[in-house]
Each structure stands twice: as structure tokens, then as C-alpha cells.
Amino acid sequence: MQKKMAYSFPDEVLEHVFSFIQSDKDRNAVSAVCKSWYEIERWCRRKVFIGNCYAVSPTMVIKRFPEVRSIELKGKPHFADFNLVPDGWGGYVLPWIVEMAGAYPWLEEIRLKRMVVTDESLELIAKSFKNFKVLVLFSCEGFSTDGLAAIAAGCKNLRELDLRESEVDDMSGHWLTHFPETCTSLVSLNISCLGSDEVSFSALERLVGRCPNLRSLRLNRAVTIDKIANILRHAPQLVDFGTGNYATELRPDVLANLTGAFSSCKKLKSLSGFWDVVPAYLPALYSVCSRLTSLNLSYATIQSPEIIKLVSRCPSLQRLLVLDYIEDSGLEALASSCKDLQELRVFPSDPFGVEPNVSLTEQGLVAVSLGCPKLQSVLYFCRRMTNAALVTIAQNCPNFTRFRLCIIEPKTADYLTLEPLDIGFGAIVEHCKDLRRLSLSGLLTDRVFEYIGTYAKKLEMLSVAFAGNSDLGLHHVLSGCESLRKLEIRDCPFGDKALLANAAKLETMRSLWMSSCTVSFGACKLLGQTVPRLNVEVIDEIEPPGSRPESFPVDKLYIYRSVSGPRFDMPPFVWTMDEERKILHSEFRHLL
Amino acid sequence: MEGGLVLLGGGSSGVSTNESAVLSKVEVVSEAESELELGLGLSLGGGGGGATGKTKAANSSWGECGRILTAKDFPSVVSQRSNNGGPFSGTKRAAESVSHESGSPSVVGWPPIRSYRMNSLVNQAKAQRGDEGDSGVVEKDKPKDALKKKLNSNGKQTTVNEKGHLGFVKVNIDGIPIGRKVDLNAHSSYESLAQALEDMFLRSANSLEKEPLALSKLLDGSSEFVLTYEDKEGDWMLVGDVPWRMFVSSVRRLRIMRTSEANGLAPRFNESNERQKSKPI
């Protein structure tokens, strides 16, 4: 009976059903049910996410999913954000574009993070995909405004161009003029990362004026405050707006104009930008505040009283990014005004100063945890912390999904008890059962890893620096954290033992980064040679690891699972351990 | 042996035995497992199969294995790699001998703030100090003092670092399409910068013997390459003419050019050699 039903169920129906299944996880599950479902599913998968561009080759992706319309790729390891990955490491998108140009003529969306994108890649995109709509380059580099001009000119139906936090080479200020007059399709434009001379303002104004569907616009720093009003009047339908710099000597006419412009934006819910803020212009925003759900003041050097004035007018605020100028007093005001707050990020205004320049302590975070029951995501830079505060925070906020604490001075102990902060972080992982991402800091022993391995069962990403005493710490994490996908470690006394003992675990994770630890070259070779589908890469800019004894620790290590074998685009300072298929050095024989 | 989670091989951690009661009772592991047993084998195959992350404890007990290799095992070599082997062993080698004005050694990538944000902080600090507006922030027709007053309304200093330029500048060398980045903040002199660049570019990373390079070959004109930089105004200049700090605050990017192509740049190095060597940094 069952068998009969399977044959009489047309593929088209199944395909239609599958079209309602959007999440990758579910799609993967569907494809594993049986062979025919695998076949049907792969022909109708439209969206592919590849968390590590070296985990699979373009050829393999195209072979399995021939009808993709949207692709997302990530390149460099996360620690590249902090300059720990040398330039030239890799993450080139061109090979992907080349292959997709042939295979996916109907590709609509490309989203890239931490990849190297050349003008050649951009030109190829503009040429190859007739229906191209969305280009997001998050924290990418390697391209110039020439490449952007090609995109502007070539993509007739462009909806989204988002260059957030990318590095763009300034060649000409007029790439925006390459958008044809017929282009009216833009929905989202984020050029906030561009340097001073790179934007032709009049072209921008005209572009904004002719795109009635524009919902999100983020300007760059060069756009001065008096120009904002004009832009806003062209686009009162905006939902998300990023100002340029927000500073000029106070002129009442400019202020009035700006105030009027903002008040005509009835749908505005998200604001960002605010470089160089002159506080006197902040009242122009007041009309928007009551609707504001997201506010990014993290470049605004305004002091606590001004921040409080603004924030206390935003009862709907869900997301706040701010500098530590907000201080504990500002966070207390936030806690009492913004009961819907879900995400808070507090950045340091003076990260290298030895003495604190502002009064921002653990108290501020405690206050927010108390006052904002929906708080889920925290990134907090501060200079002191206590276990008691962390325990309180954990108890107040059991719903944390992301908790990243950075105590600026490495190995800082609980300032009251002088103990390590093991117990505090232990409380976080114990109470916050849905925690997916955690970053540690302060003085920490192996014990904190014991807690993490015991409790953090849903943890997917862990960042560790200057912590732990021995391999036991690493072993706790690798053996206990069942959901772990990404682990990044720097400057910890973790070596071979834990890594080798948990080698199988590494294949269940996306990647592992270890720098300035004590993993030996010999262990790297062993891993690379014996664990299938694992790429073990050693990075050393000074000299080849093979020129030293095998027991010598490697400088940087990046291990990731891959079904396409070692990559071929490595620079001279990266070695892959798969190539060293020679007999194990005698030093290590006794360990097997 | 008590049936609790025991820290083995832990060493001095200063963990207080007086644990706070707010943590619920930590799971008491059975005696057999409480000695976290780590074999040195790979724990592959068998029950592992890569399907789950759990690895069964292997045979040999922790305490009986060979010592964990730490930095202490390689005293002579490691101390060459890192100045103090302590928390800052992550320091880039070129930066090892540099000490921050703030007192603590310079650690690469710490605190973990994206360079995008760091550079913003720098530009703001510069604007507030009334530096020449290289970031285009300061409106050119407004008096700088008035602007400074507005931005520093509380009189609080928001400078990041008195050294001026924080962050990395791009370096390209003729003949190699992909550039690198160098942290100017890690250097306090032209010699140190030149040495770092030579290490980066002019030595094949794969060669086992290091070519003996004299210091500052890039600066004294005897190499086939010459170090140049683009300043705030977009002009390309030879590196080394101005005091270091002035250079650092005005440099936008670097380029290592072939000497044969470096004609036409302001004073040739060979001629100004004497002047250069006696110039205070």
C-alpha cells in the first residue's frame, strides 16, 4: 500500500511541498529521506549557504544543486577581523564566480563575508547574471570603485548593494553615476564604508530620488549633516537610515530643516552612522525615537547625559550599539526606559588607555540584565568584573543566546575577590541553556572549561584568549560541547594531547583556530595525515615549520573540515599537512 | 580519590575552594571517569566514526602520559620567538621590542576590535585634536577650534593613543599583485619598519637559509627596491625624509618600488643619505 502511494505521488507535488521548506537544516533532512527525495530536492534548492568557502569546491556545489539562485559564502576565519590572519591568506571569490557564471546564468543573489573580491570578480558578476539583484559584501576587501561602477552599470535590476565594513580602494568618486537613469529598483544601499572622496553626492541624490522602493540607505562619513535633510526628503519611506557625519557648527536653519526631514519619515525604525556628533543636532531625531527599534551610536563620541536624553525617548528600542561613554548611569537609564531591549553592544572609546577614561563597570551590565527581561545578545567591553556580577546577570537573563564579554586587560581577576572568573562564566553557561555563542576574558583556569563542557550543550561558537592552565581545558570543551561548530583560541597553554584525543570531534565542527598555543608541528602532521576530510593548515610568516624540530609549537593553526581536499591557493606562509605523507617521525611512534 | 570533578595537571590557578553556593551542585562524575583520561591516541574510528563529538576515554591515564609540551620545554628557541613567553606570546615578532607608551606590550589583535572600528576611532581622535582633516571629517570652512570645542564638550579626552596612527596600512611591492598590511603602530622608527617589510617581502618564505640582509637596505638605496608612501594629499614620496611621527600621521599607504622606477620622486636617497642618518627619530 505504502509503495503504491510513493509511485503515484508526482514529483511536482513534492517539489511544491519542498518549496515551503526554507531552512538549510530542514532541506538537508529532506534530502536524506530517500534517493528520489534527494533528487527532487536538489533540483529545487534555490539557496545555498557555505560557511567555509574551502569546505567544498564550486564544482561540487554546482553538480549537486544545478538551479541555485542565491549563494552565501564565508572566507577567512573570524580572527582575521583582528589582524591575526596575514594578508594573502586566501578566501578568493573569483573561482566561484567563474564557475557560477557558466552554471548559474539566473543567479540573483551573492552574499560574501570576509572574502577577497577583486574588480575582476565584480565585472564578471555584472556581465554574467542577467537577473542579478542582491550583492552583499560584508567585511570584504580587494576591490575598488571601478568594480562598483561595473556593478552599477551592468546590473539592471539591482535591488541591494551592501558594502558593510568592507575595504574599498578609492579610484574615482563617480562610480555612482554609472547607475543608469533607468535604474529604479534599489531597495537597499549601504555605502557607509567608503572613504571621503568616493561618492558623488548629486548622483546619489538623483539615485535615491528615483527609487521609490528604497527602504534602507546608509551613507558614508563624507556626507555632511546639511545634506541629510535633502536625502531624507527624497526618501521619506525609509525604514533604515545611516547618517554621514553628524557634526557642524550649530545653525538653526540646518537644525530646523533636519528636524522637519526626520519627522516626515514615518516608517523610520533604524538609525546608524553618527560619526562626529554635535549634540545640539540630536533633538532633530526626537520625532523618530518613539518608533526606533535599532540604534547604532557606536561611532558617536557623545557623552552620557546626551545619550541618556536620546535613549530614554526610545521605548521600543530592541537593539543598541554604543560606546562606553554611556557609562553605568546611562545603562541604568537604558534599563528603565527600554524594556524591549534584546541586543546590547558596548564598545571601548579608549581601548589602549591603561586607566579607565569613563565610569563603565560591571554595574552597568547588571543594571541592564535586571531591567531588560528580553535581553538575548550582549557584547560588552569593560575593565573590571566580578563573579558575583556575572552570576547575577546569568540569573537575570536565562535567555541569553550570545554573550561576549571582553575585559580589556588580559587575565584580569575578579577585582573584589581576586579570584578567577571561572564561577561567573560557569553561571552563565549553566543558566543560559540556549547559549549559542560565548566569548571569554579575564583570569580563567581549566575549571571554566569544565563548566562549559558540562553545561554549554547548545554552544556553537566559543572564543577564548589568555585562558586556561593545561590541555584539560581544551579537552573539556572538545569532549563536552555537543553543538560546537567554531572554536577559536589564542594565547592559551593548549597543546597536542587534547587535540589528538579529540581528533574525531574536529570533523564535526566547521573550524578550529589556534594561535600562540603549544600545539606541535608533529601533532599537526599527525592530524592532517590521519583524519580524513580534515584540512590542517599551519601558518608561519617567519620560517617553514618543517625547518624546525617537530616538537616545536606552531605559530598559528587553522583546521577545518572539507570534502574537497587541501586547497591550492595557499600563499607561501601557509602549509597544509596533507602533503606531508611521509612516515611519522620516530619521536612520535611511541605515542601510538 | 573523591568523586568530584578534579582538576588534574592544573597547576597554580588560585581557584578558591570556597565555591559560591549559587552554582547548583556540579555533576558528580563517577569515580572511574573522574580522572579525565586522555590517551595520546587519536580516538578515531571505533565508536567515534565522526558522527558525534563524543570521544570515549582512551586507555592510559592522564598522569602517566608524557608531560604536556609547553613553552617551558623549548626554553632557548621559544624565547627567541617571543619576548616574555607570557600572556603576550602572540605578539608579532616585529613588534616584540616595542613597548607601548601606555606601558603594556603591544599585543596583536587585542582588545578584539575590528580594524574598521579602530580606524574610525583614530580618525575621530585626530579630528578632536584638530589635526589636519585627512578623514574629510572636519568641515573645511568652519573654524577648527569651534569644532574641537563642540566635540570635546566635556573636556574628556577621547584620543585612542598618543602615537597617532593606529592600525594597518597597505603595502604593495612591484611584481606581486596581492598586497600585505603592516602595523605602523608596532614600529617606532624607519629602521624597524624597513626590517619588517624586508622580512615580509624580500625573503622567500620557503627557503631554508635566510639571505643575510643588511638592515635598512630599503632605506639606504643599496637594494634594488625603494620604499615609498602615499601621503594624505595623494602624493607619492620617498620614505624617510620627515620625522617618524610626522610620517606616521600622514601616510596612507606604502609601496615598494623598483629603484629603476623611482625616478622623479622627491630627493633621491643617495643624496640625502647623510642627512637621513643623523636625523633624530
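- Contacts of A/Thr392 with chain B are absent, with no heavy-atom separation under 4.5 Å from either backbone or side chain.
- A donor atom on one side chain and an acceptor atom on the other are not found under 3.5 Å apart for A/Thr417 and A/Asn387.
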**Verdict with supporting geometry, A/Phe347 and B/Ile113, side-chain contact (heavy atoms from CB on, under 4.5 Å)** = CA-CA 8 Å; A/Phe347 296 96; B/Ile113 301 171; 5.5 Å; no
**Prompt:** Yes or no on salt bridge (Lys or Arg N to Asp or Glu O under 4.0 Å) for A/Glu507 and A/Arg561, after CA distance, side-chain angles and deciding distance?
**Reply:** CA-CA 5 Å; A/Glu507 231 194 303; A/Arg561 66 178 174 187; over 6 Å; no
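- For chain B, the nearby part of A/Glu167 is the side chain; its heavy atoms alone come within less than 4.5 Å.
- Both the backbone and the side chain of A/Pro348 have a heavy atom closer than 4.5 Å to some heavy atom of chain B.
- Look at A/Asp276 and A/Arg221 and you find a salt bridge, because one of the NZ, NE, NH1 or NH2 atoms lies within 4.0 Å of a carboxylate O, short of that distance.
- Residue A/Leu506: no heavy atom, backbone or side chain, is found under 4.5 Å from chain B.
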